[in-house]
Amino acid sequence: MIAEHSIGKFDYIIVGAGTAGCVLANRLSADPAKRVLLLEAGGRDDYIWVHIPVGYLYTMNNPRTDWCLRTEPEPGLNGRAINYPRGKVLGGCSAINGMIYMRGQARDYDHWRQLGNAGWSWDDVLPYFRRSEDFAHGADELHGAGGEWRVEDTRLRWEILDAFRAAAAECGIPNTDDFNRGNNEGFGYFQVNQKNGIRWTTAKAFLTPVMNRRNLAIVTHAQVRRVLFAGRRAVGVEFAEHGWPRSATAAGEVILAAGAVASPQLLQISGVGPASLLAEHSIPVVHDLAGVGENLQDHLQLRLIFKVSNTRTLNERANNWLGKAGMALEYGLFRRGPLTMAPSQLGGFAKSDAGRETPNLEYHVQPLSLDRFGEPLHPFPAFTASVCNLRPESRGHIRIKSPDPTAAPAIRPNYLAQEADRRVAVDAIKLTRRIAAASAMQPFEPEEFKPGAVVASDADLARAAGDIGTTIFHPVGTCKMGQDKMAVVDDRLRVRGLERLRVIDASIMPTITSGNTNSPAVMIAEKGADMIREDAR
């Protein structure tokens, strides 16, 4: 039943103006005959640090731009609860993330197809990556140009990063200049979603150019309280705009694009999810769907820190006023220098052991060090070699703790729960140490600061992984696509057992991609928009 405070009827209601939601709003409103409503619980992207690339240091754990979520205490992290950043502005996580343009490996998508998801192989999804891409080096058979999603090279290099790349080559890991051609093995500088030294969010790319379309309504500070159903058909949403009750009717479809945390949370609050969980919170069951909120996967980064000598890192420049002034001037005049930095400039993909068919480790190497994002850089010169297991076997969940949509759910990634993941973590630390010990690094006298060279045995290294591990901000899978009993959506992203309701964001991934997950979410939205249009014919 739609309340009297309805703002009207729309063909499509999109919940969430993050990475996927901005793409969907653009594509679905391209038909002037379709009315589209885009609801964003956060605010406008008018904070200066959203636009300056190094601003991730000031947007994460900032309640203006981040929901400031935390996990439950994690046994695999030795009882620690950690911050779990999620974007709280137009553009969502693309407004606060590392800006790295990464698709993953061809095998990731071929595996999705092998799981029974028709139309999701590498050959199927590649045209969607190319469609939205604006690659600085121009189009070829694997890259697109002229699209909305700008991809450029990083705008500065660091001596210590060049040395680490050379050291990796000494250890048998080749150099590469493009991680997005199907097999991303090697070390090289990341390509980033920036335009002329400015962060390029999905809001800038997809939403700003179409904001004046008469058939597109965008409402910020709109916290969706529940999806409304007539039987098993989604017919609208209730939401609060700046705290005031509102509702909207969907003549066509309701589309959840709120991300891997909020999309399953909203389904559960709306009565779609495991019946036992809903009963705990006295929520009437619309549809008993066991997989909602399950299958949480994330990349756990192990942040190894090395002190260095005889070179400069960002730590020294950022910790004095003269250095800060110089960086500001360089950015203001030329859009260059450290303020253009993504969190990681140098990347690498490697195998934790020779038996792997394709790389299962990703490196993010940074000319800086800090205890955690949002805290000051260390006062000594150092670099961080962050390494993550790309294909973790551990699975966690998102489950509501209250029927109140403003209450954070329980986030349990279940890191390092599987022995195989602990083995990869140990091997990853050992490989990182071998790279740091290679001859190319020796002029800089690397000294391991964390976890520390005294940590030596496999058992101690596994425990140390729990001490230094943290999210690299890639949660996926909590509304997974598939055919099995734990699947939430089918291969056309329709919620199984319900009508006119889809989930289109990173939560639909059955297995996590082998790399950063933001641009795969753009692809998912591109493909999802096509499916909606096709099914409406």
Q) Can a cation-pi geometry be assigned to R225 and F239, taking NZ or CZ under 6.0 Å from the six-membered ring centre and within 45° of the ring axis? A)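 No cation-pi geometry.
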Main-chain N/O of [Y] paired to [X] side chain as donor or acceptor, under 3.5 Å:
X    : Y    : result
E40  : A17  : yes
D288 : A275 : yes
S29  : N215 : no
H474 : I472 : yes
D66  : R86  : yes
N414 : A417 : no
K527 : W120 : no
R27  : D530 : no
N62  : Y58  : yes
D134 : E148 : no

Do [X] and [Y] meet the criterion of a side-chain donor-acceptor pair at a distance under 3.5 Å?
X    : Y    : answer
R70  : N83  : yes
S263 : S507 : no
K204 : H51  : yes
Q366 : R303 : yes
H364 : E362 : yes
Y101 : N180 : no
D108 : S514 : yes
Y84  : D298 : yes

Kindly indicate whether the side chain of [X], heavy atoms from C-beta on, has any atom under 4.5 Å from the side chain of [Y].
X    : Y    : value
L361 : L390 : no
M99  : W200 : no
H281 : P403 : yes
I96  : Y56  : no

Would you give the length of the straight line joining atom [atom1] of [X] to atom [atom2] of [Y], rounded to the nearest 0.5 angstrom?
X    : Y    : atom1 : atom2 : result
D124 : S121 : CG    : OG    : 3.0 Å
R356 : K351 : CZ    : NZ    : 10.5 Å
Q265 : L267 : CD    : CG    : 10.5 Å
F349 : Q105 : CZ    : CD    : 7.5 Å
H299 : T513 : NE2   : OG1   : 6.0 Å
T511 : R107 : OG1   : CZ    : 8.0 Å

Q) Knowing that exactly one of N516, N184, L126 qualifies, which makes a side chain to side chain contact (heavy atoms under 4.5 Å, CB included) with R103? A)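 With R103 as partner, N516, N184, L126 yield a single side chain to side chain contact (heavy atoms under 4.5 Å, CB included), made by L126.
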**Q.** Parallel, tilted or perpendicular: ring planes of F190 versus F179, cut at 30 and 60 degrees
**A.**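 Rings of F190 and F179: tilted, 30 to 60°.
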Q: Take E294 and K480, measure what salt bridge (Lys or Arg N to Asp or Glu O under 4.0 Å) needs, and give me the verdict at the end.
A: CA-CA 8 Å; E294 303 302 306; K480 80 165 189 171; over 6 Å; no
With the threshold set at 4.0 Å, does a side-chain nitrogen-carboxylate oxygen contact exist between [X] and [Y]?
X    : Y    : answer
R422 : E419 : yes
D46  : R64  : yes
E534 : R492 : yes

Q: Check each of R502, R500, R494 against E253 using the salt bridge (charged side-chain N to carboxylate O under 4.0 Å, His left out) test, and report the only one that passes.
A: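 That would be R502.
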**Q.** Full working for salt bridge (Lys or Arg N to Asp or Glu O under 4.0 Å) between E499 and R232
**A.** CA-CA 6 Å; E499 300 174 29; R232 292 202 169 192; over 6 Å; no
(Q) For a quick test of reading the model, state the closest non-hydrogen atom pair linking A536 to Y12 and the distance between them. (A)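 Minimum heavy-atom separation between A536 and Y12: CB-OH, 3.8 Å.
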Q) Knowing that exactly one of N97, T59, N193 qualifies, which makes a side-chain hydrogen bond (donor to acceptor under 3.5 Å, both in side chains) with R199? A)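 Single pass found, and it is N97.
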